Amino acid sequence: MAGRKRKLLVTAVAPEETVTVNENNNSTDSNHKTTFVNLKKFPQCENTQCAETERSHYFLNSDLQRKLGEDFFNQPCVSLAKEFLGKVLVRRCADGSELRGRIVETEAYLGGEDQASHSAGGKRTKRNMAMFMKPGTIYVYPIYGIYLCMNVSSEGEGAAVLLRSLEPLQGLPLMRQMRAARRKEGARQLKDKELCNGPSKLCQALNISRCFDQRDLASDPEVWVERDTKTSSVRPHDIVSAPRIGIDSHGEWAKKPWRFYLRGHPCVSVVNKEAEKLKGNE
DNA sequence: GTAGGGATGGTCT
DNA sequence: GACCATCCCTACA
C-alpha cells in the first residue's frame with residue numbers, strides 16, 4: 001500500500017483543482033496543495049472521503065464552523081492547553097483570504113508559582129500584561145530578538161497557554177511564502193509539515209505580529225479559534241504529556257509535564273519518546 | 001534523521 | 001550585561 005496515491009477534489013482552496021495525496025505518509029506532490037496527515041495514525045481523517053475533501057466541505061459550510069467564545073478560554077491553564085489540541089486556529093488576512101491550522105502542540109504556563117512562566121511570582125511587566133488580562137487574550141512576545149511566540153491567557157492569575165505547533169490546513173502557499181521570506185534565498189523548499197512546527201514558525205506562517213498582543217481571541221475579526229466538528233474529538237490517549245521545551249534553567253519547574261501534543265502527529269516540533277512510554281501516556 | 005553551533009536583538013535586572 | 005518558551009544551516013551517520 002505504501003506510496004499508493006489517490007485523487008482528491010479540493011473545492012475550497014482551489015475549486016477546479018485536484019491534488020494527489022500519498023495516503024501512507026506525509027509526503028507531498030509538487031503543487032503544494034496536499035495534506036500531510038498520517039492517515040494510519042489519524043483514523044478520524046480516514047473517513048469515507050479523505051481528510052482534505054472533508055475539510056473542503058467544512059470550510060464552505062458556515063453551519064459547521066464553530067468559533068470559540070470566551071467561555072472556552074475561561075478554564076484552568078492545563079485544561080485549556082489540552083482542549084486546544086485539535087482545534088483550528090484561523091487567521092483572516094487583509095485581502096479576506098483565510099489561513100487555517102489545526103493546533104497539535106501546546107504548553108501550559110501557570111503564572112504565580114510557576115517559575116518558568118513570564119508571570120512567575122505575580123510579576124507584571126509591560127511585556128506580559130496580556131497574561132493578566134481576561135481569558136482568551138493573546139500574548140505575543142519577541143524572543144531571541146528576531147522571533148515571536150503566541151500565547152493565550154487562561155483562567156488563573158498570569159496563566160497562559162503557548163501555542164507551539166499547527167498542522168497547516170488551508171492557505172499553504174501563502175504560509176510557505178511567509179516562511180520563505182525569513183529564510184536564505186535559494187534555501188531548500190520547506191515540507192508542508194515544517195511550515196508551522198514551532199512556536200515562532202507558526203507566527204511567521206500565519207503572519208501573527210506583535211500588534212496582535214493583548215487582542216481578544218474570542219472577538220477579534222482577524223484571528224480566532226474554531227471547533228473542528230468534522231473530525232472526532234481528541235481522546236485522552238491521543239495526548240502526550242511531556243516536560244516543556246527550552247526552560248532547563250528553571251529546575252524542578254522544567255520537569256512539570258505541561259507540554260501537550262497529539263501522539264504520532266508529524267507536525268509536532270519535538271517528540272519525547274521517553275514521556276510517551278510513561279504511565280498515563282502509553 | 002539528528003546533533004551541534006551560531007545568529008540575533010528585545011527584555012529585564 | 002546577561003538571559004532567552006527559537007530557528008536555521010551544516011556535518012555526519
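Only a predicted model underlies this, so the values are computations on that prediction, with no experimental measurement involved. Lettering of chains follows the sequences in order, A, B, ..., and the numbering in each one begins at 1.
- In this structure, NZ of K201(A) is placed 17 Å from P of dA5(C), rounded to the nearest angstrom.
- No single ILVMFWY cluster, assembled from side-chain heavy atoms under 4.5 Å apart, contains both M133(A) and L68(A).
- Under a hydrophobic clustering in which Ile, Leu, Val, Met, Phe, Trp and Tyr are joined whenever their side-chain heavy atoms come within less than 4.5 Å, directly or via other members, V225(A) and M131(A) fall into different clusters.
- Annotation for E155(A): atom CD counts as buried by contact number, over 12 foreign heavy atoms lying within 6.0 Å.
- In the region residues 253-261 of chain A, proximity to DNA chain B at under 4.0 angstrom, judged on heavy atoms, holds for none of the residues.
- Residue-level contact check: I245(A) touches the backbone only, with heavy atoms under 4.0 Å from sugar-phosphate atoms and none from bases.
- Counting non-hydrogen atoms under 4.0 angstrom, M131(A) reaches a base of the nucleic acid.
- Residues L202(A) and S165(A) come closest through the heavy atom pair CD2-N, 3.8 Å.
- Rounding to whole angstrom units, OH of residue Y141(A) and P of dC4(C) are separated by 12 Å.
- We find that CZ of R188(A) is positioned 12 Å from C1' of dG1(B), with the value rounded to whole Å.
- Computed from coordinates, the R183(A) CZ to dC7(C) P distance equals 12 Å when rounded to whole Å.
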- request: Do nucleotides 2-11 of chain B as a string where each nucleotide becomes B, S or -: B if the base has a protein heavy atom under 4.0 Å, S if just the sugar-phosphate does, - if no protein is that close.
  value: ------BBSS
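- Secondary-structure annotation of DNA chain B gives the stems B:1-7 with C:6-12, B:9-12 with C:1-4, with a stem taken as at least 3 successive Watson-Crick or G-U pairs whose two distances both fall under 3.5 Å.
- Nucleotide dA5(C) holds its P atom 16 Å from the CG atom of L202(A), rounded to whole Å.
- Rounded to a whole Å, the CG atom of L190(A) is 11 Å from the C1' atom of dC7(C).
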L166(A) vs L206(A), side-chain contact (heavy atoms from CB on, under 4.5 Å): CA-CA, chis, key distance, verdict: CA-CA 10 Å; L166(A) 304 178; L206(A) 269 62; 3.9 Å; yes
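- Ring-plane geometry between F84(A) and F73(A) is classed as tilted, the angle between the planes lying from 30 to 60 degrees on a 0 to 90 degree scale.
- No cation-pi contact links R164(A) to Y261(A), judged by a cut-off of 6.0 Å to the six-membered ring centre and 45° from its axis.
- Salt-bridge check for K256(A) with E107(A): failed, with every basic side-chain N at 4.0 Å or more from each acidic carboxylate O.
- Among residues at least two apart or in separate chains, side-chain hydrogen bond (donor to acceptor under 3.5 Å, both in side chains) pairs with a member in residues 71-87 of chain A are Q75(A)-S79(A).
- For residues 109-117 of chain A, proximity to DNA chain B is found at no residue, defined as any non-hydrogen atom under 4.0 angstrom from a strand atom.
- The two residues K191(A) and R188(A) have their closest heavy-atom pair at N-NH1, 4.3 Å.
- Between the CE atom of M129(A) and the P atom of dC12(B) there is a distance of 12 Å, rounded to whole Å.
- Distances were taken from every side-chain heavy atom of N151(A) (C-beta onward) to each of dA5(C), dC7(C), dG1(B); the shortest belongs to dA5(C).
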Got a list of protein N/O to nucleotides 10-13 of chain C N/O distances below 3.5 Å?
none

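- The side chain of H250(A) lies closest to dA5(C), out of dC9(C), dC7(C), dA5(C).
- The residue K126(A) sits apart from the nucleic acid: no heavy atom pair falls under 4.0 Å.
- Using a cut-off of 4.0 Å between Lys/Arg side-chain N and Asp/Glu carboxylate O, E276(A) and K273(A) are scored as not salt-bridged.
- F132(A) and Y139(A) have their aromatic ring centers separated by at least 6.0 angstrom.
- Atom NZ in K123(A) sits roughly 11 Å away from atom C1' in dC3(C) (whole-Å rounding).
- Of the possible polar contacts, one joining the S153(A) side chain to the K134(A) backbone as a donor-acceptor pair under 3.5 Å is found.
- Side-chain atoms of S200(A) do not come within 3.5 Å of backbone N or O of C149(A) as any donor-acceptor pair.
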